[in-house]
Structure formats: structure tokens, C-alpha cells
> 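There's a structure below that I have some questions on.
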There are 2 protein chains.
Amino acid sequence: MALLTSAPKAFIQQQNLVDQVADYLTQAIIQQQFLPGERLSEVQLSRDLGVSRAPVREAARLLESRGLLVSKPRRGFFVRALNAVELDDVFDLRLCLERHAIQRLAERYTPEAQRALNQQVEVLCEAAAGNDGTRRIEEDLQFHRLMLHYAGNERLLLAFDNLTHELRLCITLITKTHEAPETIATSHFQLLEALNSGSPEACREAIDYHIGVARDFVVKGVGETGE
Amino acid sequence: MALLTSAPKAFIQQQNLVDQVADYLTQAIIQQQFLPGERLSEVQLSRDLGVSRAPVREAARLLESRGLLVSKPRRGFFVRALNAVELDDVFDLRLCLERHAIQRLAERYTPEAQRALNQQVEVLCEAAAGNDGTRRIEEDLQFHRLMLHYAGNERLLLAFDNLTHELRLCITLITKTHEAPETIATSHFQLLEALNSGSPEACREAIDYHIGVARDFVVKGVGETGE
DNA sequence: CGATTGCCGACTGTCGACAGTTTTTTGAAG
DNA sequence: CTTCAAAAAACTGTCGACAGTCGGCAATCG
């Protein structure tokens with residue numbers, strides 16, 4: 001109801017307020033409407049969103065489990081502020097997950113998976129040519145989600161999704177450091193080629209390079225701007 | 001830091017009901033006081049624990065994020081029931097994380113880490129000789145937590161801790177399938193030897209064997225008893 | 001003038017209650 | 001005896017309210 005503020009998804013009326021509040025908070029945090037380290041007042045959020053504090057609290061706990069918020073007892077919830085070390089750890093874990101996934105995927109590279117990944121790279125290239133930085137990131141992540149999905153371990157995908165929430169914390173930083181569209185394209189084509197070759201070594205090399213580039217971009221960006 | 005020091009919090013009594021309820025529920029689920037798939041009534045839990053429903057709900061959401069409960073809208077919370085496929089995925093992810101960790105650890109194997117791991121293996125052997133199956137599992141997991149900790153990526157450790165919650169879901173199953181104390185001892189000594197050798201290949205081989213054994217035990221156990 | 005202590009406002013943690021929905025029970029018809 | 005429907009019970013989602021606690025500010029003391 002009162003959630004129409006910045007939500008383009010307001011068309012799909014979700015039934016439970018908790019998810020609605022969680023979505024709103026997630027978007028607001030990603031769009032830097034709440035700055036890292038900022039405190040979120042339950043009462044103020046309740047007033048602004050026109051709901052009671054119970055759904056706000058439960059949504060905040062959900063976001064805490066996703067690493068977007070941190071709670072201090074008797075103090076409330078704060079927007080998580082990632083430092084350079086933590087962000088580096090996130091990329092290291094991402095490398096860990098995707099290395100494993102691409103190996104598993106190479107073992108069972110079905111035509112269906114091949115088709116889906118090729119199509120997603122096309123979508124990604126299209127997005128990379130446009131101006132919407134957020135969409136580019138999302139299509140990029142979606143490609144990797146598909147890789148993990150077709151790797152055949154849903155628990156692995158869940159772990160990756162948890163990571164992406166933290167990546168989105170500094171999405172503005174990522175969109176700022178513009179990667180050239182052709183770079184993005186070739187970088188993903190390399191992954192497809194490695195998968196087509198069926199060589200585990202080639203796959204590992206490709207994913208190491210791919211994630212290494214992304215990490216350098218973001219970690220360097222964090223080192224420059226904010227601690 | 002919080003890895004070894006559980007003492008400083010002992011002075012401060014836990015005051016918030018949410019964590020208390022969460023701990024109670026976790027223990028109750030692990031000890032099979034609530035069976036897998038069973039529905040948890042908020043009102044009944046509130047009455048039993050002498051608290052209102054708000055802390056119960058928030059604790060349940062916490063356990064949901066840990067994979068111990070699943071929620072169905074307008075239906076309530078249910079104890080998570082892991083099937084054989086999901087459990088296999090959990091062990092596959094565990095292999096993924098520990099492979100990565102032991103490689104990182106081999107690169108930076110400090111005397112401090114060596115000392116801590118050796119000591120923990122001693123503690124584990126002592127526990128393995130005793131009759132407390134739960135303690136044996138916990139000391140075993142603690143050894144692996146130490147490995148991940150000294151690997152130098154706290155986010156990796158967090159991902160592992162999330163997994164262990166799911167492992168504890170079938171802890172009674174694990175304790176039932178008795179592993180011989182000497183098997184446990186040698187299995188962990190192999191890991192220490194591989195780390196001492198400094199060879200990445202030896203480390204990978206050791207961790208693959210180690211987790212493979214554990215997975216065979218548990219997955220086979222699940223395949224036999226309940227789907 | 002600086003440090004300390006007590007007070008005030010705001011906020012979190014928790015509670016009981018109400019409304020809508022799901023599940024169970026009940027009762028009648030076939 | 002079975003089947004189906006309607007009422008009843010129980011439960012979840014949500015709300016407003018109260019109490020204890022924390023941070024900030026001012027007054028007091030050294």
C-alpha cells in the first residue's frame with residue numbers, strides 16, 4: 001500500500017508484508033538511500049511504510065542473515081559497511097564456488113545448459129551495450145547463476161546467491177567502474193569456449209581469469225574511495 | 001577471535017529472548033524432540049517457553065535462514081527434512097569449501113596454525129575414545145573450523161558454519177553410524193601430514209578422501225533409513 | 001575550563017489482542 | 001458406511017501499547 005515509493009514491482013502485490021518490506025529495504029540499500037553504517041530506526045520505517053514494527057523487525061532479521069544489515073543488541077540495525085578485506089574474502093569465496101561449479105558443469109555439459117548459457121551471454125551483451133549499469137550487473141550475475149544451476153547442486157547456487165547479496169552492497173561502486181562492453185563479451189565467451197573444450201584445466205583457467213578481473217575492478221575501487 | 005574465546009560472554013547473561021529461543025529450538029531439533037517435517041506451533045511454543053509469540057517468530061526466522069526450518073506462508077514453520085539428494089549436495093559444497101581452504105592454508109601454514117590443529121586432533125582423539133557421540137562430532141567439526149579459520153578467509157568460515165547447521169540436522173544419524181576411533185585419528189593425521197608436506201596435490205587428495213569417507217557414511221545411512 | 005553524574009527523550013524488546021485464513025470437527029444426506 | 005458441506009476451532013499475520021535500556025545533554029564538582 002504505502003510501499004509504492006520506489007518499487008517498480010508494486011504491480012505484483014505480495015501478500016505478506018515481511019517480504020514487501022524486505023524488498024523495499026534491499027532496493028533502498030542498494031540504491032544508497034541508506035548509507036553504509038547508517039542506523040535504521042524501526043519506528044521511522046514503520047511510519048514511512050505504513051506498517052507496524054513487527055514486519056519491519058522480521059524483514060530486518062532476514063536482511064541480516066543475507067549480510068545486508070548488522071544488528072547490535074539494544075541499538076538496532078545498521079547498514080553493513082564492507083571494508084576492503086571483507087570484500088576480498090567475498091571474491092575469494094566466489095572464486096571457490098565458481099571453480100567447483102564449472103568443473104561439475106564441464107562433467108555434465110548438456111545441450112540444454114549450453115543453449116541457456118549462450119542465450120544469456122547474448123542478453124548480457126545487449127545489456128552491456130546499453131546505459132543501465134544495474135541491469136548489466138544483474139544480467140552478468142544471472143549468467144553465473146545459470147552456470148551454478150546447471151552444475152547440478154542447488155545448495156551451491158544458494159551459497160552463491162548469499163554472496164551476491166553482499167556484492168550488491170557495493171553495486172554503485174561496480175557500476176561506476178565501467179568495464180568496456182567488448183571486454184565483458186569476450187570475457188564470457190572465454191568461459192563458453194572452455195566449457196565447449198571440455199578441458200577441466202581450461203575451465204579453471206578461464207574462471208580464475210574471469211573472477212580475477214572482476215575482483216581487481218571492485219577491490220581497487222574500494223581501496224580508492226572509501227575504506 | 002570468537003573462535004577460541006567463548007568465555008567472555010559467559011559473564012554476560014544472554015538477555016534477549018530471541019537468541020534463547022533459537023538456542024532451545026536448535027537443541028530440540030538436533031535431539032529429535034521435533035521430528036523432520038513436523039510443524040511447530042507458535043502459540044504452543046510460546047506457552048511452553050513462557051514467552052510471547054514475537055520472539056518465537058523471530059527465532060524461527062533465524063533458524064530458517066540457517067536451514068533448520070522452512071516456512072510456508074499462512075501455514076507456519078516446519079522442521080527441515082533433508083532428502084538424500086540435498087544431503088549429497090551439502091557434502092559436495094563442503095568438499096568445495098574445504099578444498100579451497102586447505103589450499104589457502106597450505107600457502108600460509110604458520111606454526112600457530114600447526115599447533116592449534118595438532119592440539120585439536122588430540123582433543124578429537126580423546127573424544128573419539130569416549131562414548132559421547134555428539135561431542136565427537138562437535139570436536140570433529142571444530143577441527144575443520146580451525147582449518148578454515150587459519151585459511152585466512154572469515155567469509156569462508158561463515159559459509160562452512162551455515163553448512164554445519166544442516167549437518168547437525170542429521171546428527172543422530174551420524175552418531176549412529178559409528179566410525180572406529182582409530183579411523184578418525186588416522187584420517188585427521190593424514191590431513192596434518194599433507195599440510196606439513198606443503199604439497200597442494202597431497203592436501204587436495206587428503207581432503208577429498210577425508211570428506212568422501214564422511215559423505216559415504218552419512219548418505220548411505222540416509223539411503224537406508226528414511227528417504 | 002574539563003571531567004563526571006544525573007536526567008530526559010528516543011528507541012528497542014516484549015507482550016496481549018484482533019482479523020483473516022487454514023484445518024479440523026460435526027452433522028446430515030446418499 | 002461413505003461423502004460432502006458447513007460450522008467451529010486453531011493458527012498465522014499484523015497491530016498498538018508498555019517497560020526497560022541506551023545515548024545525549026545539562027548541571028555540578030574538581
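So that the names make sense, note that chain A is the first sequence line, chain B the second, and so on, each numbered from 1.
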> Just to confirm, is there a sub-4.0 Å distance from OP1 or OP2 of dG13(C) to any side-chain nitrogen or oxygen of R74(A)?
no
> Is there any protein nitrogen or oxygen under 3.5 Å from a nitrogen or oxygen in nucleotides 23-25 of chain D, and what are the pairs?
unit_1, atom_1, unit_2, atom_2, d
dG23(D), OP1, R75(A), NH1, 3.4

> Distance check needed: dC22(D) C1' versus N16(B) CG, whole Å only.
15 Å
> I need the CG-C1' distance between L45(A) and dC11(C), as an integer number of Å.
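In whole Å, dC11(C) C1' lies 13 Å from L45(A) CG.
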> Applying side chain to side chain contact (heavy atoms under 4.5 Å, CB included), can you list everything that pairs with D161(A), at least two apart in sequence or on another chain?
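Applying side chain to side chain contact (heavy atoms under 4.5 Å, CB included) to D161(A) gives R145(A), L157(A), T164(A).
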> What residues form a side chain to side chain contact (heavy atoms under 4.5 Å, CB included) with A214(A), not counting sequence neighbours?
F91(A)
> Give me, pair by pair, the N or O atoms of the protein and of nucleotides 15-17 of chain C that are less than 3.5 Å apart, along with how far apart they are.
unit_1, atom_1, unit_2, atom_2, d
dC15(C), OP2, S52(B), N, 2.7
dC15(C), OP2, S52(B), OG, 3.0

> Rounding to a whole Å, what distance do you find between L49(A):CG and dT14(D):P?
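It works out to 13 Å between those atoms.
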> List the residues meeting side chain to side chain donor-acceptor pair (under 3.5 Å) with S65(B), not counting sequence neighbours, and say none if there are none.
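S65(B): no side chain to side chain donor-acceptor pair (under 3.5 Å) contacts found.
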> Please state how far atom CD in E42(B) lies from atom C1' in dG13(D), giving the value in whole angstrom units.
8 Å
> Hey, is R80(B) close enough to E166(B) for a salt bridge, meaning N to O under 4.0 Å?
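E166(B) and R80(B): salt-bridged.
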> How would you list, by chain and number, every residue that makes a side chain to side chain contact (heavy atoms under 4.5 Å, CB included) with L49(B), sequence neighbours excluded?
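Side chain to side chain contact (heavy atoms under 4.5 Å, CB included) list for L49(B), sorted by chain: V21(B), Y24(B), V51(B).
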> Please table the atom pairs, donor to acceptor, closer than 3.5 Å between any side-chain atom in residues 111-128 of chain A and protein atoms at least two apart or in another chain.
unit_1, atom_1, unit_2, atom_2, d
Q114(A), NE2, N196(A), OD1, 2.8
N118(A), ND2, Q114(A), O, 2.8
Q120(A), NE2, E139(A), O, 3.0
Q120(A), NE2, E139(A), OE1, 2.8

> Return the set of residues passing side chain to side chain contact (heavy atoms under 4.5 Å, CB included) with E42(B) (not counting sequence neighbours), or none when no residue passes.
R53(B), R57(B), F77(B)
> Which part of the nucleic acid, if any, lies within contact of L40(B), taking any heavy atom under 4.0 Å across all strands shown: a base, the sugar-phosphate backbone alone, or nothing?
sugar-phosphate
> Between atom CG in D19(B) and atom P in dT12(C), what is the gap in whole Å?
17 Å
> Per the ring pair (Phe, Tyr, Trp, His ring centres under 6.0 Å) rule, what does the pair list look like for residues 111-147 of chain A, sequence neighbours excluded?
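For residues 111-147 of chain A: F143(A)-H188(A), H144(A)-H188(A), H144(A)-H210(A).
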> Distance-only, no hydrogens or angles: does the N153(B) side chain make a donor-acceptor pair with backbone N or O of R155(B) under 3.5 Å?
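Yes, because the side chain of N153(B) sits within donor-acceptor range (under 3.5 Å) of the backbone of R155(B).
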> I'd like to check the side chain to side chain donor-acceptor pair (under 3.5 Å) partners of H165(A); sequence neighbours left out, ordered by chain and number.
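Checked H165(A) against side chain to side chain donor-acceptor pair (under 3.5 Å); zero matches.
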> Not counting sequence neighbours, which residues clear salt bridge (Lys or Arg N to Asp or Glu O under 4.0 Å) with R104(A)? List them please.
E107(A), D92(B)
> For R47(A) and dT12(C), what is the distance between atoms CZ and C1' respectively, to the nearest whole Å?
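In whole Å, dT12(C) C1' and R47(A) CZ are 14 Å from each other.
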> Is any side-chain nitrogen or oxygen of R57(A) closer than 4.0 Å to OP1 or OP2 of dG13(C)?
yes
> Rounded to whole Å, how long is the line connecting atom NZ of K72(B) with atom P of dT22(C)?
14 Å
> Below 4.0 angstrom, which residues in residues 58-66 of chain A have at least one non-hydrogen atom near DNA chain C?
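When residues 58-66 of chain A is checked for heavy atoms under 4.0 Å from DNA chain C, there are no hits whatsoever.
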